[in-house]
Amino acid sequence: MDNEPDQENLEQNPCARTTEEELNMSFSLEASLSKFSCIDLDKELEFKNDLIDDKEFDIPQVDTPPTLESILNETDDEDESFVLEDPTLLNIDTIDSHSYDTSSVASSDSGDRANLKRKKRLPDSFSLHGSVMRHSLLKGISAQIVSAADRVDAGLPTAIAVSRLIAVGTSHGLALVFGKDQNQALRLCLGSTSVGGQYGAISALSINNDCSRLLCGFAKGQITMWDLASGKLLRSISDAHPPGTAILHIKFTDDPTLAICNDSGGSVFELTFKRVMGVRTCESRCLFSGSKGEVCCIEPLHSKPELKDHPITQFSLLAMASLTKILVIGLKPSLKVWMTFPYGRMDPSSVPLLAWHFVAVNNHVNPMLAFCRGDVVHFLLVKRDESGAIHVTKQKHLHLYYDLINFTWINSRTVVLLDSVEKLHVIDRQTQEELETMEISEVQLVYNSSHFKSLATGGNVSQALALVGEKACYQSISSYGGQIFYLGTKSVYVMMLRSWRERMDHLLKQDCLTEALALAWSFHEGKAKAVVGLSGDVSKRKAVVADRMVEILFHYADRALKKCPDQGKIQVMEQHFQDTVPVIVDYCLLLQRKDLLFSQMYDKLSENSVAKGVFLECLEPYILSDKLVGITPQVMKDLIVHFQDKKLMENVEALIVHMDITSLDIQQVVLMCWENRLYDAMIYVYNRGMNEFISPMEKLFKVIAPPLNAGKTLTDEQVVMGNKLLVYISCCLAGRAYPLGDIPEDLVPLVKNQVFEFLIRLHSVEASSEEEVYPYVRTLLHFDTREFLNVLALTFEDFKNDKQAVEYQQRIVDILLKVMVENSDFTPSQVGCLFTFLARQLAKPDNTLFVNRTLFDQVLGFLCSPDDDSRHSERQQVLLELLQAGGIVQFEESRLIRMAEKAEFYQICEFMYERAHQYDKIIDCYLHDPLREEDVFNYIHNILSIPGHSAEEKQSVWQKAMDHMENQVLLFKFLRSLLDPREGVHVNQELLQIPPCVTERFIELLCQFSPDQVIETLQVLECYRLEETIQITQKYQLHEVTAYLLEKKGDIHGAFLLLLERLQSRLQEITQHGGNTKEAFPLKGVEDTMVETIALCQRNSQNLNQQQREALWFPLLEAMMAPQKLSSSAAPHLHCEALKSLTMQVLNSMAAFIALPSILQRILQDPIYGKGKLGEIQGLILGMLDTFNYEQTLLETTTSLLNQDLHWSLCNLRASVSRGLNPKQDYCSICLQQYKRHQELTDEIIVFSCGHLYHSFCLQSKECTLEIEGQTRWTCYKCSSSNKAGKLSENPSENKKGRLTSSQVKTSPSYHQSKGEPPARKANPEPALDPQQMQAFDQLCRLYRGSSRLALLTELSQNRGGDSCRPFAGSQSGPAFSSVFQNENFQLQLAPPPLAED
């Protein structure tokens, strides 16, 4: 912000003007500033569409408005909510319900004052609007005020009034009148110190409209009137209001004989000046009595000379603000109340403010009253209708984030606000945007607090009025002619809006060129706020601003080149110009000054190669968006060369197709495009530069034709070229330019003919003798048959039915048939595409093409060839597309069906049967088609349920389905679709109520056709009987399935014996054939059966006693060891090692359920091993010992880790509990007294981890204690009552930090203990959990389900203490002993505990 208060600041800022220059400009422009307010009204009328406020609330007129007496007789109860005296005058509820949503940074969506106070500070608007206000110190007046205080004991300044003169009142009763010229000379010194001693300080001043009279109000209640021409005292009034009260306000109205005064008693009086027989008199009339409500602010409506004939002026309106309401009354022709408006609840210390101004709304100029108290500004528009009645409508109100102490209109669109911390805010009224903020604390503003307290008369005022007066500065701020004067204790400052040129110059002097250009553009577009000095019509204003912007752009370019770093990396220079050059380009194009951009600016920036490159790159987005056309040839050439040098060829291609390249070297550009594979650009240059459409196709054909003719696979680059060629041909035949735009209409027929002639050429240019006929059509058909035919189909649709078009169509069709039918190098899909294309063309009603029907028969035989099994689905799909496209009329249907059935084209058969309504035969098509046999039931359902089929057709389908149901395969598929939920058909089994016999029938069929899926299916089925199902599985000898069902039945031993028998039989097979074969398949069967048996034993061992477990595991072990016993050591079995590995797997699995000594004893007691040597079982024993060693090592490691983890956790918990707490303040957060206060000895200090400190008595008074298990618990008052003042939140999830836990509370004595004082009482260290916390804890436990660390350590310590007990051995017999390590869900949770919070 540009502050110019004194000479020092001026010297520090070389861009600032001298004070004399400022004053000269201020006062010499006074008349023009006065005119600007009128211009603002005119501008508002001119731009009425932008300024009309659609959201108005009309106040309905009432027949009998309340009288002044009725209002005066009402009592004001400030403890109750304010209501309207007459609800019909202004419906507050309706207004508030239509709150205005605005994106203004100065508004808020919430009316909560606390929320508004917490709102973040607004962003700095300097970059958007520049410096809007200019303020200057009036040095001459300021110096004379200080001099008068020293020389004549005038006292300190107390009040100021401004018109064509400046009047300053002092604390010793003097009124100093200064001129507003450049000299600021003292014109008059009115009054004397002796009179000041009698009357007190001047508390209010007012100058009438013609600047001939001055009214002075004094602190002791007297009023004087002075002649400003002669300096004579005209009147001295002491009886206009009750004695003993100070004059707070005195205001002239537009009528020079009528004034209004407001005293410290809250009363308002009308003063009428008369002159009878040469005698000057004053008559006083009470308008508002302070006994019924104290008025602290008054504001009469003043109209400017140009608005003196406004119809509203005849009422002489007066606005009054009491401590509870706003009143608008009319003094003429008779006293009448027009509006009352209550504040609602407000901060009692906030200052009521009133301000009038004429504004233009809805194409009419009317007065608007702004009133506010606190942080909300209301705007009331006053209008007079044709009947003479006054209507008041409420406009959009303004929410602020600060409290106001002054509100001043500077013009009809801009207001200046002063907040309680002496910061000025310039606001645009309509958008509510904050334009500028500035500190004025250096003014040392004079406050009128002593007069509101009426200290000169003994302080006989109410406390409410005295509280308002703490920030009252009504008499210290005065506005006139677009200028605002601020009275300080030793100075006077003047503030005004800067003109648009000043605002730009101010930014330029601060070297903010980018911001200056942005501000200038806002002036150019008419979007700027608080604009002064820019008049005339729109075109004239734009021209003036544009000229100034051009000057700034030249300066900006010079500065960019001058400040470019000479040394350093090239990236630094590029970044510098990337920050500056785009600004020049953008604004030149916005101003539509391409001449300036491509001549002077380009020449200037070309002096630096880096700047030139950045300039050219800036043009790219404008060219690509077609916003920049008509580039000069030199710039265009430099642009292409620049991107070519930087290897940005894709950018070059995108630029070329958007430029007019007729001024460039066409051949050079074409060569560049071809070398860099810029095919789009090459085609564009040929088309636009030379009107040549065939040459690009010839170039592209030369690239893709050779590999296609040789049968090679195209590269990615060649595929791209082929696709571009197809698109290019399509565009040419459709009359569109490639890659964008349209071909000129006069060239469209010529281009179409040229392209067709090119495509149907018999041979290419420079063709060899081996070239086949029609090379171009052949190449495109080989490249992409379907897309090429689609291009032709679109072209045929666009052709008109003239003779030449018909000839072209028939010609191209004949060529297509000749090329594809007479050659065998096309696939069935490609041939099918051709005949599908032909069928579509022949099916058109206006078809003129002729195709021999014999060709279709040949294609049918080709596609249905029974000798060719390759591409079966492809050939069927091609034929189906051909029939659907209309080719059905080209075939004999009976022959077509026979050939389709022979070729197994069941979809073709379905298509034909559906045309003949033979729906029952379609069922056979589904059943014979392996890809669609599962969909047969859906088809049957659709035929039977969907309307549109006759009863005979449905009956035939039903009968056909029933006939097929006798086939068990179809029945099996039906039951699987119905019963198996994995098939994707979700059937509600309860509603269906399928009997068990049906499910068992499905299981029997499943055993026949899919025996491998029986177990998986049984796991998801429900409705079947176990006994019957077991009989079914036994019938089909599915032993694994039978074992599963026996286990489900509860016959564990029976299931085990079944699997054991299966295992023994497979082991026997290995024993019998093991010596003759090395096949791994039998061994794989043994391993699978053994794994299933082990899984059965493991699943059920948990629920069995020790004896029952041994009955399962030992027979399994013996079965695995038996083959090893039979094999002699001299002739070892081929699978001996594999069997030993499987035996060890059994031992490892049973070790978790059978004690190790029992296993060893059983092995040693075996008669085979008992008679033999230890070496025969050495492998088994060593394997068991290795397992034991591994488990012992794992156990010891785990125990050590758990012990370390527990020790680490306990250390952290102990450190957290013993950590000291640091309080945020040294006083209690409730009583706000120091914690060292003298108090009862039982009072203690309680400190929470959140930093809040309390006395225990204070917490008890706020009910912040909880009794849990007979002990007192404390909660932080501030944290727990953030939502409900002083009460605990009922929802535990809303509790903030500060709720009590064992590590959050510590207490200490209130002050240093002396002898005999009891020690500080500590809070209960036991934490208490509420139900929601308990629920969260349970969820955490379930998430990490497992044994606690304490249980693990306890059992580990017991096991390590005894030698004969191992946790994994399970040597204790019976179910009484249960180890945590024998739980199948046991998992080690080795994640470290969470870190303790600091």
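Since this is a predicted model, take the numbers as computed values, not measurements.
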Mind telling me whether Tyr738 and Tyr728 have parallel, tilted or perpendicular rings, with 30° and 60° as the class edges? perpendicular
Closest heavy-atom contact between Val657 and Asp680? CG1-O, 4.0 Å
Is Ile410 close to Leu497 at the side-chain level, that is, under 4.5 Å between some pair of heavy atoms? yes
Taking atom types as modelled, find out whether Ser131 and Arg503 have a side-chain donor-acceptor pair closer than 3.5 angstrom. no
Of all heavy-atom pairs between Asp742 and Arg736, which one has the smallest distance, and what is that distance? OD1-CG, 3.8 Å
Heavy-atom check, side chain of Met504 versus side chain of Leu517, under 4.5 Å: no
Between Leu519 and Ser522, is there a side-chain heavy-atom distance shorter than 4.5 Å? yes
Is it true that the side chains of His506 and Gln510 contain a donor and an acceptor less than 3.5 Å apart? yes
Under the side chain to side chain contact (heavy atoms under 4.5 Å, CB included) rule, what do Tyr679 and Leu725 come out as? Steps first, then yes or no, please. CA-CA 9 Å; Tyr679 306 116; Leu725 180 59; over 6 Å; no
Do Asp579 and Gln575 pass the side chain to side chain donor-acceptor pair (under 3.5 Å) test, and can you show the C-alpha distance, the side-chain angles, and the key distance before you say yes or no? CA-CA 6 Å; Asp579 294 338; Gln575 184 61 45; 3.0 Å; yes
Any side-chain heavy-atom pair of Leu597 and Val635 under 4.5 Å: no
Just wondering, more than 12 heavy atoms not from Gln644 lying within 6.0 Å of its CD? yes
Donor-acceptor pair between Asn411 and Thr414 side chains, under 3.5 angstrom: yes
Candidate pair Phe693 and Ile683, rule side chain to side chain contact (heavy atoms under 4.5 Å, CB included), full reasoning: CA-CA 8 Å; Phe693 293 87; Ile683 295 173; over 6 Å; no
So do the side chains of Leu648 and Val652 get within less than 4.5 Å of each other, counting heavy atoms only? no
Could you tell me whether a side-chain N or O of Arg498 sits under 3.5 Å from a main-chain N or O of Val132, the two making a donor and an acceptor? no
I need the Lys752 NZ to Phe756 CZ distance, nearest 0.5 Å. 8.5 Å
Determine, stepwise, if the pair Asp784 / Arg786 fulfils salt bridge (Lys or Arg N to Asp or Glu O under 4.0 Å). CA-CA 6 Å; Asp784 194 330; Arg786 186 181 301 273; over 6 Å; no
Side chains of Tyr602 and Asp638: is there a donor and an acceptor less than 3.5 Å apart? yes
Going through the distances and angles, do Lys563 and Asp511 end up as a salt bridge (Lys or Arg N to Asp or Glu O under 4.0 Å)? CA-CA 12 Å; Lys563 290 193 174 183; Asp511 208 23; 2.7 Å; yes
Is there a side-chain contact between Leu708 and Phe783, using heavy atoms and a 4.5 Å cut-off? yes
Determine whether the side chains of Asn687 and Glu692 contain a donor N or O and an acceptor N or O closer than 3.5 Å. no
All side-chain hydrogen bond (donor to acceptor under 3.5 Å, both in side chains) counterparts of His642, not counting sequence neighbours: Glu617
Worked check of side chain to side chain donor-acceptor pair (under 3.5 Å) between Glu551 and Tyr556: CA-CA 9 Å; Glu551 298 175 5; Tyr556 190 79; over 6 Å; no
Flag, side chain of Glu757 to backbone of Gln754, donor-acceptor distance under 3.5 Å: no
Quick one: CG on Asn790 to OG on Ser730, what's the gap to the nearest 0.5 Å? 9.5 Å
May I ask you to decide if Ala560's main-chain N or O and His576's side chain share a donor-acceptor pair within less than 3.5 Å? yes
What distance do Ile631 atom CD1 and Tyr622 atom OH have between them, rounded to the nearest 0.5 Å? 12.5 Å
Distance check, rounded to the nearest 0.5 Å: Glu620 atom CD versus Leu639 atom CG? 8.0 Å
Would you name the heavy atoms of Tyr402 and Glu434 that are closest together and state the gap between them? OH-OE2, 3.6 Å
Interatomic distance, Ser764 atom OG to Lys702 atom NZ [nearest 0.5 angstrom]: 8.5 Å
Find out whether Leu591 and Trp521 are in side-chain contact, i.e. whether some heavy atom of one side chain is under 4.5 Å from a heavy atom of the other. yes
Evaluate Met721 against Val703 for side chain to side chain contact (heavy atoms under 4.5 Å, CB included), listing each step before the verdict. CA-CA 8 Å; Met721 296 174 65; Val703 176; 3.3 Å; yes
Over all heavy atoms of both residues, which pair between Ala520 and Met549 is shortest? Give the atoms and the distance, please. CB-CG, 3.4 Å
Tell me if a side-chain donor or acceptor on Glu502 pairs with a main-chain N or O of Ser499 at a distance below 3.5 Å. yes
Using a 6.0 Å cut-off, check whether atom CG of Asp746 has over 12 heavy atoms from anything other than its own residue. yes
Using the salt bridge (Lys or Arg N to Asp or Glu O under 4.0 Å) rule, take Arg548 and Asp505 through it: C-alpha gap first, then chi angles, then the decisive distance, then the call. CA-CA 10 Å; Arg548 182 59 176 146; Asp505 292 342; 2.7 Å; yes
Are the side chains of Leu424 and Thr437 in touch, meaning some heavy atoms are under 4.5 Å apart? no
Would Ile427 and Leu417 count as a side chain to side chain contact (heavy atoms under 4.5 Å, CB included) here? Give the steps. CA-CA 8 Å; Ile427 306 290; Leu417 313 179; 3.8 Å; yes
Smallest heavy-atom separation, Tyr684 atom then Ile656 atom, equals CE2-O, 3.0 Å
Of all heavy-atom pairs between Val755 and Cys732, which one has the smallest distance, and what is that distance? CG2-CB, 3.7 Å
Side chains of Glu698 and Tyr776: do they bring a donor and an acceptor to under 3.5 Å? no
Consider only side-chain N and O atoms of Asp428 and Gln432, and report whether a donor and an acceptor are under 3.5 Å apart. no
Can you check side chain to side chain donor-acceptor pair (under 3.5 Å) on His129 and Glu433, steps first, answer last? CA-CA 10 Å; His129 307 285; Glu433 183 178 0; 2.8 Å; yes
Tell me whether Asp547 is salt-bridged to Lys542, with the criterion being a basic N under 4.0 Å from an acidic carboxylate O. no
Could you state the interatomic distance from CG (Asp586) to CG (Leu553), rounded to the nearest 0.5 Å? 10.5 Å
Is it true that atom NZ of Lys637 has more than 12 heavy atoms of other residues, nucleotides or ligands lying nearer than 6.0 Å? no
